[in-house]
Amino acid sequence: MHQPLTQSTPANLSDIDQPPLLEFDHVGLEYPFEGSMRRIIEDVNLSIKPGEFVSFVGPSGCGKTSILKMVSGLNPAPIGEIRCRGEKIKKPLKNVGIAFQNPVLLPWRTTIDNVLLPLEVVQPYKGEFKQKKAQFLDMAQELLTTVRLQDFQKQYPWQLSGGMRQRASLCRSLIHQPEILLLDEPFGALDAFTREEMWGMLQKLWMKVRCVGILITHDLREAVFLSDTVYVMGPRPSNIVHTVKINLPRPRNLEMELSDEFNHLFSEIRRHIHHN
Amino acid sequence: MNIQKFMRSKAGTFVLPFAATVMLFVVWELAVLIFKIPPFTLPSPSKIVQASIQFTPQLLAAGWRTLVTTLVGFALAIATGVVLGFSIGYSRLAYLTLYPLLVGFNTIPKVALVPLLAVWFGANEIPAILTAFLLAFFPIAVNVALGLDTVEPEMKDVLRALGATQVEVFQKVGWPHTLPYLFASLKIAASFAFVGSVISESVASNGGMGYLIVQASSSFDVPLAFAALLGLGILGIMLYGFFAVLEKYVIYWAR
């Protein structure tokens, strides 16, 4: 039922007429704590357009990860609602790609078989997996080449470094051309050099698919580098305290990190995190 | 020769245990000779070998019977253990109702059940099969349940977010993740089943290694009893080895 958005999404994101893919409508979250309900997230309202890459940044414990769980439908929003194409999300959405800080590759599968996993589960690929195996292998190989893992297709996860595993995990999250890509601090466990390298690779992969990207991160530079919009969340009970539009041209590169514009955006976000 | 290097080599893993076994028998033989221990107390290895050759047909028949009994009981234990493990691992209801019962049952020494089983089924192979089964299914059930329970939630989330059904999550993640746990338990359970059938044979039976040992000891043929013990040791190692090798092939990916 969901068509991949690759072809239909215009690269021009300033197209205002486009209806949003995701809408947050007075979204909140409570958690039982010592006998009473404690508010974690309060009244989040925002909308995300097709092909938009957004980041949520904020102090730890402000419910950033919960936002991903709510969008994916794994734990639907208990207060307010999140709509995908105007429909309230009540159960796990199909055709979502997820990558966590822990790459969670399946240890009994080789790199390429790990990347192929979504195609064995998501329609329409699932139904034609046997017939189109060769074509799917090509797709997986192309993604692995993008992240320079072409020589590690037959390796098992324990034979790869942490960064390589995370790259394979990103390929897996995008191979089925998801409408929504959810990233929960995917590079949090990597060293600074590897992390910056991964930004470029993620951007490359994402630009092939051009789906909605939602990134949870602690790294403000990462948020600026990758996003079209950065949402800054306050401390608990948190809501969106500030929104920053990033209009740097794509593909972005690490030199831009030194530009005045980049640093201006970075300090703007930083200021809003520390003043709440 | 560099002993450190040898211990890490492939030859070392074969030569060293073999040498240790030979050493044990040599020391044993010498001890019997030097301290003039009578054969009906502790026969020397050479006497045991003599008895093994003399009673080869009886030993083979008894060994075969014990092996078949063990394997039948073990097969029942695998089937029951896997089904129980899955129910406990997947259903909260089964966990709450069955698990305490299982733990309670497991604390009963199974050897105490053999006389009852003999009353119900007679002194034949059935009590031995059941004792083997009763000893072996518990570790299998517990390990399968543990395997299902320890699947990383994030692994399941990746699949559920793709719209995978419960069955698909089980196929792609639950089952393969549980295999190493299952195999770890099979190695233990195979030995348990073996212990179970021999205990039962020595308490109430009409054949098998356990029966042979009891018969031999009661007629003071201690070398034959030891020959049977030796045979049991060889059978046990074969059983364990079989599952250890199978494990290597099936879950080659687990380091």
Side-chain angles (χ1 to χ4, degrees), chain A residues 1-2 65 68-69 71-75 89 91-111 113-126 154-159 169-170 172-186 214, chain B residues 8 10 78 81-82 85-86 89-92 140 143-187 243-255:
Chain A
M1 64 185 214
H2 296 312
T65 299
L68 283 198
K69 292 259 178 183
V71 172
S72 65
L74 293 170
N75 298 338
I89 297 172
K91 58 178 192 335
L93 290 174
K94 292 174 179 185
N95 209 8
V96 171
I98 297 193
F100 301 97
Q101 179 171 338
N102 177 356
V104 288
L105 299 178
L106 309 183
W108 49 88
R109 286 175 174 240
T110 57
T111 308
D113 284 338
N114 262 296
V115 174
L116 285 170
L117 176 74
L119 302 183
E120 298 168 23
V121 176
V122 177
Q123 293 291 10
Y125 309 103
K126 181 181 160 186
K154 297 277 178 258
Q155 258 69 23
Y156 285 89
W158 56 273
Q159 294 168 305
S169 165
L170 289 178
R172 178 181 64 186
S173 66
L174 283 165
I175 190 166
H176 53 297
Q177 312 251 327
E179 287 186 289
I180 304 169
L181 171 66
L182 303 175
L183 301 164
D184 191 353
E185 294 188 39
I214 304 181
Chain B
R8 249 175 258 118
K10 206 162 184 186
I78 295 176
V82 168
F86 279 141
Y90 264 125
S91 146
R92 181 91 192 137
I140 300 176
N143 263 35
V144 167
L146 182 70
L148 286 176
D149 202 46
T150 50
V151 176
E152 280 164 284
E154 290 171 339
M155 240 181 221
K156 287 192 221 165
D157 282 353
V158 166
L159 277 154
R160 285 177 59 212
L162 294 169
T165 60
Q166 284 293 336
V167 176
E168 280 173 319
V169 174
F170 173 71
Q171 276 177 349
K172 305 283 182 202
V173 175
W175 172 246
H177 179 85
T178 305
L179 275 179
Y181 293 84
L182 177 62
F183 270 94
S185 74
L186 287 188
K187 284 188 293 188
F243 284 102
V245 170
L246 192 66
E247 179 182 32
K248 260 198 182 146
Y249 280 97
V250 178
I251 46 167
Y252 51 88
W253 46 268
R255 282 145 289 166

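Throughout, protein chains are lettered first and strands after them, A, B, ... in sequence-line order, and every chain is numbered starting at 1. Scope of the values below: all heavy atoms of this structure, side chains included, with no hydrogens, waters or symmetry mates.
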Could you tell me whether B/Glu152 atom CD has more than 12 heavy atoms of other residues or ligands within 6.0 Å of it?
yes
At a 4.5 Å cut-off on heavy atoms, which part of A/Leu105 comes close to chain B: side chain, backbone, both, or neither?
backbone
Taking all heavy atoms of B/Trp253 and all of A/Trp158, pick out the closest pair and write down the distance.
O-NE1, 3.4 Å
Select one option (side chain, backbone, both, neither) describing which atoms of B/Glu168 are under 4.5 Å from chain A's heavy atoms.
side chain
From B/Lys156 NZ over to A/Leu74 CG, what is the distance, rounded to the nearest 0.5 angstrom?
12.0 Å
Given a strict heavy-atom distance threshold of 4.5 Å, which part of A/Lys69 is in contact with chain B: side chain, backbone, both, or neither?
side chain
Of all heavy-atom pairs between B/Val158 and A/Phe100, which one has the smallest distance, and what is that distance?
CG2-CE1, 3.8 Å
Tell me which of these, A/Lys126, A/Lys91, A/Gln159, has more heavy-atom pairs under 4.5 Å with chain B than the rest.
A/Lys126
What is the minimum heavy-atom distance between A/Val121 and B/Gly163, and which atoms define it?
CG1-C, 4.5 Å
Taking every non-hydrogen atom, the tightest pair across A/Val96 and B/Leu162
O-CD2, 3.3 Å
